[in-house]
Amino acid sequence: MPGAHEATTVPASKAVNGNGKAKKSKPTVKAEADDDDDIPLAAATKPKRVAKKAKIEPESDEEVPKPKRKAAPRKSKVKEESDADHDSEEDGGPKKRKRSTKRAKKEESEDEVPDVPKKKRVKKEEDPEKEKIRLRKEKEKEERERKKAEKIKKEEEEAAAVFRWWEQDKKDNSQKWTTLEHQGVYFPPPYEPLPPNVKMIYDGKTVDLPPDSEEVMGFYAALLETEHAQDETFNSNFFADWLKVLGTHPPRNSIKIKAFDKCDFRPVFQYFEEEKAKKKALTTAEKKALKEERDKIEAPYAFCIIDGRKEKVGNFRIEPPGLFRGRGEHPRKGALKQRVRPEDITLNIGKDSAIPKPNMPGKWKAIQHDNTVTWLANWIENVNQSHKYVFLAAGSSLKGQSDMAKFEKARELKDYVDQIREDYTVELKSKVMAERQRATAMYFIDKLALRAGNEKGEDEADTVGCCSLRCEHVTLEPPNVIIFDFLGKDSIRYYNNPAVEGQVFKNVKIFKENKDEGDPVFDRVTTASLNKHLNNQMKGLTAKVFRTYNASITFQTLLDEQQEKLKNATFPEKMAIYNAANRQVAILCNHQRAAPKTHDQSMEKMRFKIKGLRYDRMKLRHQLVALDSKQYKKRFDKEDEEDEDSDIDDDWIEDYETQLEKVELEKAMKKFAKDNEKRAADGQEALPQEDLDTKLEGIKTHFAELAKERGTGKAKGRGDAEKVMTALQKLEEKIALQKSNMSEKDKGKEVALSTSKINYLDPRITVAWCKANDVDVRKMFSKTLMTKFPWAMEVEDDWKF
DNA sequence: TCAGAGACTTGGAAGAATCTTT
DNA sequence: AAAGATTCTTCCAAGTCTCTGA
């Protein structure tokens, strides 16, 4: 079963990963059709090693270090406008649709009207002052509720306005749109120089920088207390790029900046901190006003009109300039990411749409009208020459369609997977080395949910996936355990030690023979060849489909297995079951996160809370001893109980009770003061001081009693034995729940659930599960996920992946 | 045929918003 | 109401995989 092996998550920092760079020259294990290692492998192993050696030969010398560097930035080609003629076919469609959406909206808003006035229910009663307050409170409460309801209503309205593409017939997939209008992209505001009194210091002297070089300096200063500033590569890349800028924009007070060590950015950093604090200190209303203003400016860019429908654009804000924050050992981290200008940007827009004007001086690099792609704008970023795109938002029809198609493709695999597994199991013994390697790679992709593992360049972090695994990443531990230890995507460590099929173990042993640590395990497999093979087994099948398939099928299976437990479960219990399944998938996919900074602290808090509950339990037990010691003996094993509660000793109890007493006393006094305040406001006279005194006395006596009971193993019975028993029962449950919460939380501290939820778990599984178990989907999906998955919301409760 | 351009999905972290506690 | 904790959203880096042109 997939997921059988858990990837143990270990912080990447501790990774003992081979630091050797990939050796790019290909090793040349030659093993071909004539290879005899098809013969019973066990028997073949020995003689083969000899035979193998003979076969190692320099296959070709031109396999020497390939020029891995990416080509210099080249002019991106702009497609000719050639799609005009396709447009006419669908012409009627969009217009019709537009009309119907409009109608739908109107009906919605009419619906709403009758709801509004119901809220004023006035109660008439005795005391007018009291009444006033009650009214005010009620009003406030109603106001809150109304706002909540409004919010929900608005969300529902938005959902209703969504184009229900999943109810339409599927159309040709190569053409993504017919008409497309948009406002282009939003450029960040220009750089604002620092106030004249804020200056960096070089070699003890303040430096007067012109805006261009000051801006870059500021990028670095802002990161002074982050890990980045501790990183040598980051620092040297930054400094090199900054020096270039300084070359054309040198300090105005003729200081020569030469050594990074002599730079002191602290004053600038401190200024930024102050600004941050100021911003934070604004009142809620002020913050809200600022946000509204921002939203208003950005509003035109936030939507586009595609085939006559208004849809949300995703990342319409152009990335501001800054320092490139590559992950892991990225050789370019710290490099200056330049400001993007209109001249860098190609717009993709409908042929008949007005060309928008950039919100900063300049002209677009190019305009194209390619309706076979979904992007609205693109540019090439200067650090790695990678392409950046502006796409529609996740909730748009275009994204929704391909998302659904992804899951449908994964479901299709259900019908093929048995055959595929059978095939690769056979091929694990293939006499053709390439096939045997491919089968082994497929085994890993299928069983361990590894990524495909494309080749990477020298100017990227050294990370690998299945096909690019090197010998140093896999260690064999007889009889059949393989230890994987490598850095995967985002330089996240993958560490796992699954027991594998004997044949797989043997194969890896063979693949590693006569190779160096830095040589690829699968020298005969590339992602392209692997995917080509997969495509032959099932149309559209690629390595990544296995990840989706295995994630979703695992999730579905896990939930189904828990079905019995769900029958009478409370909501938190249901949620726990759901999250546990989610977490198993996240572990399968090795989705990690940095443990929250406050984790240890909140663990400690929970521990303390549980200890308090155990104290309560102890007290109840002691009561039971006093009330009915027979019952007690029947029900409890003193040994056990004392064992678990051995940390609750008299000293601790004393402390704890003192603390409790203090809290209770304060609470009583506060309540008294508050009550009186209220009475004063209502024009009533204050409660007499004796009231409070009696109350405080009561508390004190109670705790004095507790103090006396300390160490006696008995407590004054309050109520009858029966009642105490039920209370005990409840408390037991509560403690168990808290304990399990705590251990779940601890186990999950380094597991990220969100990635699988967003990308790998078919949302229909969740929707159906919620319906079947009477859970509001909104409890499981955040607002963004709700908007991302409108197409999943209508499945029946018995829908299965 | 294959390298690299191109387009799109997936990923963790930072920052913002919201909920909970004090 | 402020502070602290938790959850959600945004950001943009880093993958996958297809297409293209020499």
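Values reported hereafter were calculated over all heavy atoms of this structure, with side chains retained and with hydrogens, waters and symmetry mates removed. By convention in this document, chain letters (A, B, ...) are assigned in the order of the sequence lines, proteins followed by strands, and residues within each chain are numbered from 1.
Using a 4.0 Å cut-off, no side-chain N or O of A:S754 falls inside it from OP1 or OP2 of B:dG11. The phosphate of C:dT7 (OP1 or OP2) has no side-chain N or O of A:K783 nearer than 4.0 angstrom. Listed pair A:Y760 / B:dT9 fails the phosphate criterion, with no side-chain N or O lying under 4.0 Å from OP1 or OP2. An OP1 or OP2 oxygen of B:dA7 is reached within less than 4.0 angstrom by no side-chain nitrogen or oxygen of A:H387. A sub-4.0 Å separation between OP1 or OP2 of C:dA5 and a side-chain N or O of A:Q601 is present. For the pair A:K745 and C:dT6, the criterion of a side-chain N or O lying under 4.0 Å from OP1 or OP2 is met. Contact annotation: A:S782 reaches the phosphate of C:dT9 (side-chain N/O to OP1 or OP2, under 4.0 Å). Residue A:T374 has a polar side-chain atom (N or O) positioned under 4.0 Å from OP1 or OP2 of B:dC8. Under 4.0 angstrom from either OP1 or OP2 of B:dT9 there lies at least one side-chain N or O belonging to A:S402.
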Please tabulate the protein-to-nucleotide N/O contacts below 3.5 Å involving nucleotides 13-15 of chain C, giving atom names and distances.
residue	atom	partner	partner atom	Å
C:dA13	OP1	A:K337	NZ	3.1
C:dA13	OP2	A:K388	NZ	2.5
C:dA14	OP1	A:R327	N	2.6
C:dA14	OP2	A:H330	ND1	3.4
C:dG15	OP1	A:T463	OG1	3.0
C:dG15	OP1	A:D490	N	2.9
C:dG15	OP2	A:K456	NZ	2.3

Just the table, please: protein N/O against nucleotides 20-22 of chain B N/O, every pair under 3.5 Å.
none

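Rounded to whole Å, the distance from CE on A:M780 to P on C:dT7 is 12 Å. Atom-to-atom, CG of A:L487 to C1' of B:dG11 comes out at 15 Å; the value is rounded to the nearest Å. Regarding A:R547, its CZ atom lies at a distance of 5 Å from the P atom of B:dG11, rounded to whole Å. Distance CG (A:L753) to P (B:dG12): 11 Å, rounded to an integer number of Å. The CD1 atom of A:I318 sits 17 Å away from the P atom of C:dT10 (whole-angstrom rounding). Between A:K176 atom NZ and C:dT18 atom P there is a gap of 13 Å when expressed in whole angstrom units. A:F546 places its CZ atom 16 Å from the P atom of B:dT10, with the value rounded to the nearest Å. When rounded to the nearest whole Å, the span between CZ of A:R294 and C1' of C:dT9 equals 13 Å.
Among pairs with a residue in residues 380-402 of chain A, those fulfilling salt bridge (charged side-chain N to carboxylate O under 4.0 Å, His left out) read A:E319-A:K388, at least two apart in sequence or across chains. Here salt bridge (charged side-chain N to carboxylate O under 4.0 Å, His left out) pairs that include residues 218-230 of chain A, with residues two or more places apart or in two chains, are A:E225-A:R266. Within the structure, every pair that satisfies the salt bridge (charged side-chain N to carboxylate O under 4.0 Å, His left out) test and touches residues 601-613 of chain A, not counting sequence neighbours, is listed here: A:E604-A:R607, A:K611-A:D647.
Among the protein residues, A:K280 comes within range of no part of the nucleic acid, since none of its heavy atoms lies under 4.0 Å from any strand. Contacts of A:A594 with the nucleic acid, taken as non-hydrogen atoms under 4.0 Å apart, involve only primed sugar atoms and P, OP1 or OP2.
Remark: A:N454 engages A:T527 in a side-chain hydrogen bond (donor to acceptor under 3.5 Å, both in side chains) (not counting sequence neighbours). Applying the ring-ring contact (aromatic ring centres under 6.0 Å, His included) criterion to A:H533, with sequence neighbours excluded, gives no partner residue. Remark: A:E274 pairs with no residue by the side-chain hydrogen bond (donor to acceptor under 3.5 Å, both in side chains) rule, at least two apart or across chains. In this structure, the side chain to side chain contact (heavy atoms under 4.5 Å, CB included) partners of A:E273, at least two apart in sequence or on a different chain, are A:F269, A:K276. Scored by the side chain to side chain contact (heavy atoms under 4.5 Å, CB included) test, A:A302 finds A:F316 as partners (sequence neighbours excluded). Residues satisfying the side-chain hydrogen bond (donor to acceptor under 3.5 Å, both in side chains) test with A:S529, not counting sequence neighbours, are A:T526.
Mapping A:L785 and A:S602 onto DNA chain C by nearest heavy atom places A:S602 closer to the 5' end of the strand. Sequence order on DNA chain C of the closest nucleotides to A:N315 and A:H599 puts A:H599 first from the 5' end. Each of A:K406 and A:K597 was matched to the nucleotide of DNA chain B holding its nearest heavy atom; the match closer to the 5' end belongs to A:K406. Along DNA chain B, the nucleotide nearest A:I758 and the nucleotide nearest A:K279 are compared for position; the residue whose nucleotide lies closer to the 5' end is A:I758.
Side-chain atoms of A:R317 lie closest to C:dT10 of the nucleotides C:dT10, B:dT10, B:dC8.
Between the side chain of A:R547 and the main chain of A:A449, a donor-acceptor pair closer than 3.5 Å is present. A:D370 places no side-chain N or O within donor-acceptor distance of the main-chain N or O of A:N348, the cut-off being under 3.5 Å.
A heavy-atom distance below 4.5 Å is not found between the side chains of A:F324 and A:D241. With contacts defined as side-chain heavy-atom distances shorter than 4.5 Å, the pair A:Y389/A:N315 does not qualify.
Within a heavy-atom distance below 4.0 Å of DNA chain C, the residues of residues 535-543 of chain A found are A:T542, A:A543.
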